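Each remark here refers to the structure printed beneath this line.
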Amino acid sequence: MHRSMTSGKKFINEVSTIERIHHVNVVQLFGFCVEGSNLALVYESMLNGSLDKYIFLQQGTIFLSYKQIFHISVGVARAIHYLHQGCDMQILHFYIKPHNILLDGNFNPKIPNFGLVKLYSSDNSIVSITVARGTMSYIAPELLYKNFRGVSYKSIVYSYDMLLMEMAGRRKNFNPFTDHLSKMYFPTWVYEQFNEGNDIDMHNTSEAD
């Protein structure tokens, strides 16, 4: 059951968007309910919940192997590619992050939460936006510029890149607790390693270091 929404526009957007999407790595919509001001979506059951609780390790959580992490990352990539090039419309999902990757009983990933996506003609390589969309730490840098009003699928791929680094490093993109300033933010650390000609070893970014 999807949480109640106060915005009827977002609700209608989500229903109409999911109705036209059919992919193994996108959540299946079973139906929706309207009762007064309460609006709800009924999705397929995702027994293992969201990805964040498996990569941001806490006591009592299941430890995912790197084989499982690879399997999840490929599934998410296939879903994003489908949304960008496999539909009649280009669907830009600005909220690709661990909290929005759901896992079924076999840890197959599926993307939910289509209330805030944008649909555009597949002929448009650059589409206009009025405000930055997404979650900090996952937003592509160009979306934060005041005078920037265009976006493409590459901005969504940037969010996916941040997701991959969190999965490999098993920590959040922003880590204020590290002793090394360059490790506080993945892009800064990657740039520093590349600039110095070093191999990029994600094991060196874990919170345990």
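Nothing here was measured: the structure is a model prediction, and the numbers come from that model. The first residue of the sequence shown is numbered 1, and numbering continues consecutively from there.
By the side-chain contact (heavy atoms from CB on, under 4.5 Å) test, Glu35 is found to be paired with no residue, residues two or more places apart in sequence or in another chain being considered. For Asn195, there are no side-chain hydrogen bond (donor to acceptor under 3.5 Å, both in side chains) partners two or more places apart in sequence or in a different chain. Every residue two or more places apart in sequence or in another chain that forms a side-chain contact (heavy atoms from CB on, under 4.5 Å) with Ser45 is listed here: Leu47. Among residues two or more places apart in sequence or in another chain, the side-chain contact (heavy atoms from CB on, under 4.5 Å) test is passed with His99 by Asp52, Phe56, Lys97. Tyr138 meets the ring-ring contact (aromatic ring centres under 6.0 Å, His included) test with no other residue; sequence neighbours excluded. In this structure Gln28 satisfies the side-chain hydrogen bond (donor to acceptor under 3.5 Å, both in side chains) test with no other residue, sequence neighbours excluded. Residues satisfying the ring-ring contact (aromatic ring centres under 6.0 Å, His included) test with Tyr191, not counting sequence neighbours, are none. When the ring-ring contact (aromatic ring centres under 6.0 Å, His included) test is applied to Tyr82, the partners found at least two apart in sequence or on another chain are His23. Every residue two or more places apart in sequence or in another chain was checked for a side-chain contact (heavy atoms from CB on, under 4.5 Å) with Val24, and none qualifies.
Applying the salt bridge (Lys or Arg N to Asp or Glu O under 4.0 Å) test to residues at least two apart or on different chains, the pairs with a partner in residues 98-112 are Glu44-Lys110.
Residue Ile111 is tested with Leu102, Ile101, Asn100 for a side-chain contact (heavy atoms from CB on, under 4.5 Å); the sole match is Ile101.
Looking at every heavy atom in both residues, Gln90 comes nearest to Tyr153 through OE1-CB, 3.9 Å.
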- Message: Could you walk me through whether His84 and Leu92 satisfy the side-chain contact (heavy atoms from CB on, under 4.5 Å) test, starting with their C-alpha distance in whole Å, then the side-chain angles of each, then the deciding distance to 0.1 Å, before giving a yes or no?
- Response: CA-CA 7 Å; His84 292 168; Leu92 300 182; 3.9 Å; yes
- Message: Assess the residue pair Met167 and Leu51 against the criterion (side-chain contact (heavy atoms from CB on, under 4.5 Å)); give the C-alpha distance rounded to whole Å, side-chain angles, the decisive distance to 0.1 Å, and a yes or no.
- Response: CA-CA 9 Å; Met167 294 172 66; Leu51 175 62; 4.0 Å; yes
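For the pair His93 (side chain) and Pro112 (backbone), a donor-acceptor distance under 3.5 Å is present. Side-chain atoms of Gln68 come within 3.5 Å of backbone atoms of Ser65 as a donor-acceptor pair (strictly under, hydrogens ignored). Between the side chain of Asn25 and the main chain of Pro109, a donor-acceptor pair closer than 3.5 Å is present. Checked by atom type and distance alone, the side chain of Tyr66 pairs as donor or acceptor with a backbone atom of Ala168 at under 3.5 Å.
Contact annotation: the side chain of Glu166 never approaches that of Arg171 to less than 4.5 Å [non-hydrogen atoms, C-beta and beyond]. Residues Trp189 and Met165 are not in side-chain contact: their nearest non-hydrogen atoms beyond the backbone lie 4.5 Å or more apart. Residues Ile21 and Val27 fail the side-chain proximity criterion, which asks for heavy atoms closer than 4.5 Å. Leu163 has its side chain within reach of Pro98: a pair of non-hydrogen atoms, C-beta onward, lies under 4.5 Å apart. Counting heavy atoms from C-beta outward, Ile156 and Leu83 have side chains that stay 4.5 Å or more apart.
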List, one per line, each side-chain donor-acceptor pair under 3.5 Å for residues 73-80, sequence neighbours excluded.
from  : atom 1 : to    : atom 2 : distance (Å)
Ser73 : OG     : Ile69 : O      : 3.3
Ser73 : OG     : Phe70 : O      : 2.7

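Side-chain N/O atoms of Asn108 and His71 include a donor and acceptor closer than 3.5 Å.
To the nearest 0.5 Å, the span separating OG on Ser159 from OH on Tyr95 amounts to 10.0 Å.
Between Phe107 and Tyr54, the ring center distance clears the sub-6.0 Å criterion.
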